Amino acid sequence: MPHAWITVPLVLFLLTTTNGETSSTCTFTQHEDGLHADCSSRQLMSLPTAWPDDVVWLDMSYNQLSDLTHLDHPHLAHLRHLDLSFNQLQMIVNDTFVHLNELQFLTLSSNRLENLEVNAMAGLSQLTYLDISSNHLMLDYHTYPPRVFVPLSSLRQLWLNGNYNSYYGEYPIDTFKSLLQLQVLGVDAFSSGNFGSDFQTALPNLKTLYLDSSKVQKISNATFSGFRNSSLENLHITGSGNLMEMEVCALCHLPNLTRFSIVHAKTLKLETAMEALYGLQHQNMTSIEFNMIQDYLHGSTITRHTARYLRNICVTNLTLQKCNIDKITMSALVGRNIPLVQCLQHADLSRNRIIDKAASSLFAFAAAFTNLISVRVEKQFLFNLDDAACIFDHVSRNCSVKSEWERYKIILKVPPTLQYANFTSGADGSGNPPSFESATSLKTLDLSYTGRSNCGTTITGLDVLETLDVSGNYCFNVSETIFDFCGTLVNLRLSNFNMNPDFFRARAWRMFQNLHLLQTLDLSLNNLIHVDPHMLRAQRRLKQLNLAGNRLQSLSVDLAHHEDLELLDMSHNMLPTLLPGERQALDALANKRNFTLRLRGNSLLCACSSLDFLRWLWTTTVHLDGDGNMKRNYTCLTDTGEVSDTHTMMMRYDSEWRRCVGQTMLVITSAAFLLQLLVLVIVYVVSRSWTHLRYARKVMKGLRLPRREHFEWDAYVGYADDDVELACLTLLPCLEERHGVRLLLREREELPGSIRAESIVQHIDASWKVLLLVTPVFARDEWACGFTVQQAQRSITDTMPDRVIVVFMEDPARLPPMASLERLLRMVPERNVLHVHRDTPPGHPMWDRLAEAITDDDARRT
């Protein structure tokens, strides 16, 4: 029972068992209603014999008790709550609880009880809750004598289910006749036994029946006949796999039933369970729940025929969860003048296997209910949200003919009363996130893990949405305007959203620009390395920010924008420490309100550079999430790479400070000594070479770097003899005629009879740049690939490091090896190695780039 605490300290009291073999410590806590004793899980073999004061609440569960011989202690006389579950009790003898006249709550579940004596419950006139489930009791008059429950005149709840009952028998109705106030009964079901007509008179106030059908294969039309005129309102059938059949009129005798559920009946077909709703037609039901009703060999299909009885029930809450449903036909649950359509407010069809386009019927089902408030269809086996464009607007017959363009314009027309929608997991959607129509009441929308691979559109139609979860999608391509029309958002979850880190760093501020009301933002598990600190400058009301599970190395948040922030989760990042400015901002927040910072899982440093941070952990008023004393202890790495923790480092803070200061002073002293020594060396060298230094200064001032205007030609062109046509008919029009580059071609400038080697040397010296045209015949030309390349290499100097330009007119991978050219390429900057195809047209930008490389004076600077 929950009670408000009025004192915080815990009192530990040592109790020794009567046999003296073991001793255990019980925990006592003073609550508003009295002293609570927790003696659970202490391996006690009998009840303690000493108590510090009057106990009102006692937990003895999970021990080894085999008898209850010490319940007559005076300090237990006012006991109101007693938990004896999960022990070794085999029998409850007469007058066991006779001294506990104020006991209200008693649980004896999960023991080894085989018998209850006639006066076992004597003295329990105030008991309202009794649980003896999961024992070895038989449901007959031998185990439950007719007068065993007579003292329980105030009992409201009785749990007898989960015992070792036989498959056949008869309910001991005379035992229950004295329970006139009983409202809740949990009991096992016989395979062929029925609740007789005496039940309606024996239990006149019974409202709820929990029936354990683990040993039942069939529920017949006569099973509940005894409740024909009773006030039974809630019926819950649970099982573990044996229930296979329910007759059509099994519920015909329950006219006042408002809640009905079948849970964990794995061998019962969903169609069979829905047939049993025949007896509830035209009744007003609060809820109908079918949970874990599965046919593993065949999926369940809901058709107009199988749902014909459900359609005629006015039910507010409908749950068809884990029922292996693979299809809901269009006409199964919708139509005119159907009670289900008019009454349904909450629908849960989650954890089924609605496959691909069969989801269209599911959405049409949701759209047809004009009073629907919430719908849950999450975690389907396979789900395609892209088909929803033709679902909510009641035109699903056109789904198969939608164009490729329309497929990416998803517009969902939802019921105007819908407030909650959950489409989590199992999706096979690849298009953009949907937009909505008629969503005038939708406040919570969960689209997490729906397989979105493209988020390049803007979500519209969610004018009152407060909570949106799109976590777990693959929106690497996301529009910066995606949330522009979601200005009412209060909670936004983008965990594991897989956004482009470059986009997030540069444009995320634009994505959040219109979300002024945002209070909770989850950006965890996005592999973020850098975050703009001013990204959330528009979110002045932000209270919780989750950046856990990223790769951030700093706080990455400008806390000056978030004066209302209450929680900042930076756990499991790569923070080595917190900078002084960050610590100051955190303290400022903690001084204004109850502020929490989560740092667990970071690679914190216990180094000399972080001593101030370690002291801050122990003095700050910020609430932390570490281990140990006041949650301030974290794992960290020392200067030597050893694993330690912040608590250990603080215990030896003074010695660590002296060590770090000593190292710093040694570095400063060594640096000062070396600086002084360097000054002395410089003074000595200057004094001994003063004349030489003055002469060198004058030489450096008079040195002039070569420039383009100092040369007669802009470029000397070196090429093979067989490439004359390439040089004259391609280079001249593209460079000289279009760009005015002065080219030196030997066929045009050399006089007949001149010595070729001398002319090559002279031409290179007279040219600003050397341009080599490399072709397949270039490698076989002795002058081109040999002498010309060597002279080009010789022309490279410290003042002209980029004098040579190499132009490959073919793919280098197809050219024969050229050793001399390979040596030259090691000296040529990468920007001076160009690739130009023979057929490149004169107007191509590549010729502009080549002309710029030849004529640019600044290109020679490295």
Side-chain angles (χ1 to χ4, degrees), residues 128-131 133 139 144 149 152-162 165 169-190 192-214 216 218-239 243 246-265 268 273-291 309-310 312-319 343:
T128 61
Y129 180 97
L130 175 61
D131 185 356
S133 61
L139 193 56
Y144 299 101
F149 291 147
L152 306 180
S153 58
S154 301
L155 195 66
R156 298 290 191 278
Q157 296 188 41
L158 175 61
W159 300 92
L160 307 175
N161 51 300
N165 296 299
E170 184 178 352
Y171 293 104
I173 186 60
D174 293 337
T175 304
F176 298 131
K177 282 184 177 181
S178 58
L179 302 176
L180 300 179
Q181 302 299 322
L182 192 68
Q183 297 180 1
V184 179
L185 173 63
V187 68
D188 295 297
F190 292 120
S192 61
N194 303 322
F195 292 94
S197 58
D198 295 335
F199 266 90
Q200 62 188 21
T201 55
L203 302 174
N205 291 308
L206 187 66
K207 302 293 185 181
T208 303
L209 176 64
Y210 285 87
L211 187 64
D212 189 336
S213 62
S214 57
V216 176
K218 177 181 178 180
I219 295 179
S220 68
N221 293 336
T223 299
F224 304 109
S225 59
F227 297 99
R228 184 183 303 276
N229 297 318
S230 70
S231 58
L232 189 67
E233 297 177 355
N234 308 311
L235 174 61
H236 305 281
I237 301 175
T238 61
L243 182 61
M246 289 187 66
E247 293 189 353
V248 175
C249 210
L251 306 177
C252 291
H253 308 292
L254 305 175
N256 297 315
L257 199 66
T258 60
R259 296 178 183 271
F260 174 61
S261 68
I262 302 178
V263 180
H264 211 273
L268 181 67
M274 296 187 73
E275 289 284 319
L277 298 177
Y278 168 77
L280 302 179
Q281 288 188 100
H282 307 292
Q283 288 186 205
N284 294 327
M285 299 287 294
T286 301
S287 68
I288 294 178
E289 178 183 2
F290 293 148
N291 197 330
Y309 302 137
L310 176 62
N312 294 326
I313 302 174
C314 182
V315 59
T316 304
N317 302 278
L318 176 62
T319 299
C343 300

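This is a predicted model, so every value here is computed, not measured.
- The two atoms that bring Leu310 and Met274 nearest to each other are CD2-CE, 3.5 Å, heavy atoms only.
- What you find for Asn256 and Ser231 is that their closest heavy atoms are ND2-CA, 4.0 Å.
- Considering only heavy atoms from C-beta on, Val187 comes within 4.5 Å of Leu211 through its side chain.
- Heavy atoms only, all atoms of each residue included: Ile262 and Ala273 are closest at CD1-CB, 4.2 Å.
- The backbone N or O of Gln157 lies less than 3.5 Å from no partner atom in the side chain of Thr128, so there is not a single donor-acceptor pair.
- Between Asn234 atom CG and Gln183 atom CD the span is 10.5 Å, to the nearest 0.5 Å.
- Although no hydrogens or angles enter the test, the distance criterion places no donor-acceptor pair under 3.5 Å between the side chain of Asn291 and the main chain of His264.
- Separating the OG atom in Ser154 from the CG atom in Leu179 is a distance of 11.0 Å, to the nearest 0.5 Å.
- Taking the side chain as every heavy atom from C-beta outward, Ser153 and Leu180 never approach each other to under 4.5 Å.
- Taken to the nearest 0.5 Å, the CD atom of Glu233 stands 4.5 Å off from the NZ atom of Lys207.
- Using modelled atom types, no side-chain atom of Asn161 and backbone atom of Asp188 make a donor-acceptor pair closer than 3.5 Å.
- The environment of OH in Tyr309 is crowded: more than 12 heavy-atom neighbours from other residues, nucleotides or ligands sit within 6.0 Å.
- The structure places CG of Leu160 at 9.0 Å from CG of Asp131, a figure rounded to the nearest 0.5 Å.
- Atom CG in Leu182 sits 6.0 Å away from atom CG in Leu203 (nearest 0.5 Å).
- Listed for the Ser213 side chain is a donor-acceptor partner under 3.5 Å among the backbone atoms of Thr238.
- In this structure the side chain of Leu158 reaches within 4.5 angstrom of the side chain of Phe176, judged on heavy atoms.
- Legend: residues meeting side chain to side chain contact (heavy atoms under 4.5 Å, CB included) with Thr286, ordered by chain and number and at least two apart, are Thr258, Arg259, Asn317.
- Remark: Tyr210 pairs with Trp159, His236 by the ring pair (Phe, Tyr, Trp, His ring centres under 6.0 Å) rule, at least two apart or across chains.
- A donor-acceptor contact shorter than 3.5 Å is absent between the side chain of Asn312 and the backbone of Gln281.
- Asn284 contributes atom CG, which lies 12.0 Å from atom CG of Leu257 (distance to the nearest 0.5 angstrom).
- The heavy-atom pair separating Asn221 from His253 by the smallest distance is O-NE2, 2.9 Å.
- A 4.5 Å side-chain heavy-atom check between Phe290 and Leu318 finds every atom pair outside the cut-off.
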Derivation of the side-chain contact (heavy atoms from CB on, under 4.5 Å) call for Tyr144 and Phe149: CA-CA 8 Å; Tyr144 299 101; Phe149 291 147; 3.8 Å; yes

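- The minimum heavy-atom distance linking Ile313 with Gln283 is given by the pair CG2-O, 3.7 Å.
- When the salt bridge (charged side-chain N to carboxylate O under 4.0 Å, His left out) test is applied to Glu275, the partners found at least two apart in sequence or on another chain are Arg308.
- Between Leu251 and Ala276, the closest heavy-atom pair is CD1-O, 3.5 Å.
- Side-chain N or O atoms of Asp212 include none that pairs as donor or acceptor with a backbone N or O of Gly186 at under 3.5 Å.
- Side chains of Phe227 and Leu206 form a contact here, defined as non-hydrogen atoms less than 4.5 Å apart.
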